[in-house]
Amino acid sequence: MKIGVLALQGDFSEHITALRKLSVDVFEVRLPSDLKNLDGLIIPGGESTVIGKLATEAGLIAPLQEFGKEHAIWGTCAGAIFLAKYSNEPQPLLSLMDLRIERNAFGRQINSFQEMIDISSMVDKSHVTVPFQAIFIRSPMIRVIEGDVKPLATLSNGTIIAAQQGKILVTTFHPELTDDLRFHQYFLTLVKLCTP
Ligand code: GLN
């Protein structure tokens, strides 16, 4: 399996490290031609405005949109904003997921937090599911999901923090900052389902 990680800005190297632990071939994506032959793509956390600006300059917006029609893409935090249809601020978006998302809705860097979350909806029900450590750093909040977007995980107050629409997966937190590979494994399962 060949997985790309958008490597324009943000914490792409943490995703690359996580994917290597799962023994997949990983490629950094900076140009449209880098998308060739990939089976799936991760868009990392960082600053969605910067990622959007650099992707526009690299001529990547349309190629990424085309890629997302055929392949699985997972966006974490800033990546989730970039995949959404609407953000509360004007910025380049891929519009690949029917989400309304608000940047920095949990507050500033100092308001970064962690919560152990229930991910039993995402894993084999025959096992007791250990909670997942979800790390939020100036995270966006998913305000509205539309169409056939399905929530995968929520905070204890009901806020949706992971969602999926067909081949597109978003998490507003950072699984790549933990040693827990279950979200990366989940994404690879999705990639396999989408690969003919
Ligand atoms: N605050 C960032 C943004 O608006 C996202 C933060 C992150 O990816 N950790 O794009």
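As the structure lists them, so they are numbered: ligands from 1, and atoms in each ligand from 1.
Within ligand 1, counting atoms from 1 as listed, the ones closer than 4.0 Å to a heavy atom of G45 are 8 (O). Interface atoms of ligand 1 facing I81, defined by a heavy-atom separation under 4.0 Å, are 3 (C), 4 (O), 10 (O).
Among the atoms of T76, none of the N or O lies under 3.5 angstrom from an N or O of ligand 1. Considering backbone and side-chain atoms together, P140 places no N or O closer than 3.5 Å to any N or O of ligand 1. Residue contacts with ligand 1: N104 is placed with a nitrogen or oxygen under 3.5 Å of a nitrogen or oxygen of the ligand (distance criterion only). Among the atoms of A78, some N or O lies under 3.5 angstrom from an N or O of ligand 1.
Between the side chains of Q164 and Y186, a donor-acceptor pair is found at a separation under 3.5 Å. If you check the side chains of S48 and Q91, you find a donor sitting under 3.5 Å from an acceptor. In summary, the side chains of D180 and Q133 do not present any donor paired with an acceptor at a separation below 3.5 Å, with no hydrogens or angles considered.
By the 30° and 60° cut-offs, the orientation of the rings of F136 relative to F173 is tilted. The aromatic rings of H15 and W74 sit perpendicular, their planes meeting at an angle over 60°, well past the 30° parallel limit.
The protein heavy atom nearest to atom 7 (C) of ligand 1 is C77 SG, 3.0 Å. Of the protein's non-hydrogen atoms, the one nearest atom 10 (O) of ligand 1 is S48 N, 2.6 Å. For atom 2 (C) of ligand 1, the nearest protein heavy atom (residue, atom name, distance) is G46 O, 3.4 Å. Ranking protein heavy atoms by distance to atom 4 (O) of ligand 1, first place goes to R103 NE, 2.6 Å.
I160 and M141 are not part of a single hydrophobic cluster, where members link through side-chain heavy atoms under 4.5 Å apart.
The pair E47-R138 counts as a salt bridge, with a side-chain nitrogen and a carboxylate oxygen less than 4.0 angstrom apart. Between E146 and K85 there is no salt bridge, since none of the side-chain N atoms of the basic residue sits less than 4.0 Å from a carboxylate O of the acidic one.
Here R138 has heavy atoms under 4.0 Å from ligand 1 in both its backbone and its side chain.
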